[in-house]
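Okay, structure first, notes after.
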Amino acid sequence: MSKQTLYSIAAAMSISLITILVIQGILLRNMFILISYYQGDEQVFLPKISALLALSLILVMSIVSVYAYTLYKMFQNRKLSEIKTDFINNITHEIKTPISTISLVCEALKDPDVEKTEEHIKRFSDLIKKENDRLKTLSDHIIEISKLERGQLLMNKAPMHIHEALSTAIQNMDYQIKHNNGKIITSLNAENDLINGDFVHIVNVFDNLIDNANKYTNTTPIIEISTKNTKKGIEIQIKDNGIGISKDNLKKIFETLYRAPTGNIHNVKGFGLGLSYVKQVISMHKGDIFVESVPKNGTVFTISYQQNP
């Protein structure tokens with residue numbers, strides 16, 4: 001057997017050993033030092049092992065990449081599982097509350113000892129209707145998100161006025177804002193507010209943003225809504241004086257089921273569906289939404305729509 005052949009065999013065995021030890025070190029986190037020494041003609045030896053060395057390095061890098069990707073997917077799936085568990089817990093709690101309230105009202109109506117004057121009957125019926133509306137709103141939100149993710153949500157687009165949609169949303173949220181002693185300041189300066197869109201879904205977008213501005217605050221909510229025309233179309237800005245959003249959470253707020261931490265605010269109800277719905281509806285209208293926020297200094301949502309020339 002020639003000298004060159006022996007060198008090649010020795011080199012191949014060494015490279016295989018190195019590969020096995022590297023893989024073992026990665027998987028078992030063992031530290032090792034391997035020193036190989038060969039005495040011979042480098043001009044004969046190096047060309048023989050270069051191809052094997054390159055192949056081994058590619059193999060090692062591939063194994064490391066697969067291992068890293070597997071770890072990444074494991075952590076990602078774990079995080080998704082935690083988010084889904086949190087969502088299920090929240091939604092179960094939300095469903096349980098109105099069901100319990102309706103059950104108690106029904107028991108009261110059946111109880112012969114409970115006075116059933118016209119005033120009491122009206123109060124009971126109003127309470128049942130309110131809790132039933134909460135259940136309907138919850139189911140509608142979940143159905144809308146499901147349809148959006150499957151691409152089944154239909155947009156009935158037609159010429160519509162942004163200012164009219166904003167006025168409708170403000171009217172819808174009027175009771176909640178006044179309940180918190182808050183106020184909405186409007187500066188609707190856009191001269192042309194006409195876009196081609198689905199009026200109902202656009203109103204829902206504004207409802208969600210105003211509702212969040214009203215809920216996520218430690219003080220009396222002050223919400224500023226403004227519009228203006230730009231070179232490309234119309235821009236709507238919704239600014240609040242709430243708790244703000246940290247830089248890390250800003251990247252995630254439009255993800256389905258994601259809910260930013262609310263600090264010491266414990267009465268905020270939600271499921272992480274609102275902003276995901278907002279983002280997707282705006283995208284289906286070929287619009288953009290941007291958010292700027294500083295913790296404890298409020299949040300600004302800016303929506304832009306292109307207008308037909």
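Annotation: the span from I102 atom CD1 to N132 atom CG amounts to 5.5 Å, rounded to 0.5 Å. From S65, atom OG reaches atom OH of Y72 across 15.0 Å, with rounding to the nearest 0.5 Å. Distance check, rounded to the nearest 0.5 Å: CD1 of I210 to CG of L166 gives 6.5 Å.
Classification of the Y305-H285 ring pair by plane angle, with boundaries at 30° and 60°, yields perpendicular.
Around the NZ atom of K239, the shell of radius 6.0 Å holds no more than 12 heavy atoms that belong to other residues, nucleotides or ligands.
For E224, there are no salt bridge (charged side-chain N to carboxylate O under 4.0 Å, His left out) partners two or more places apart in sequence or in a different chain. Taking I121 as the reference, L109, K116 meet the side chain to side chain contact (heavy atoms under 4.5 Å, CB included) condition, with sequence neighbours excluded.
Side-chain contact annotation: N208 with Y277, donor-acceptor N/O pair under 3.5 Å absent. Side chains of S187 and S226: a donor-acceptor N/O pair is absent below 3.5 angstrom, by distance only.
Side chains of L275 and L209 form a contact here, defined as non-hydrogen atoms less than 4.5 Å apart.
A side-chain hydrogen bond (donor to acceptor under 3.5 Å, both in side chains) with N180 holds for exactly one of T220, N214, T219; it is N214. T227 pairs in a side-chain hydrogen bond (donor to acceptor under 3.5 Å, both in side chains) with only one of the listed residues (E235, H163, E191, Q237), which is H163. Exactly one residue among V281, V200, I202 makes a side chain to side chain contact (heavy atoms under 4.5 Å, CB included) with M155. That residue is V281.
Of the possible polar contacts, one joining the S293 side chain to the I245 backbone as a donor-acceptor pair under 3.5 Å is found.
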>> Does N212 form a side chain to side chain contact (heavy atoms under 4.5 Å, CB included) with F301? I'd like the steps, not just the answer.
In response: CA-CA 11 Å; N212 284 346; F301 285 94; 5.7 Å; no
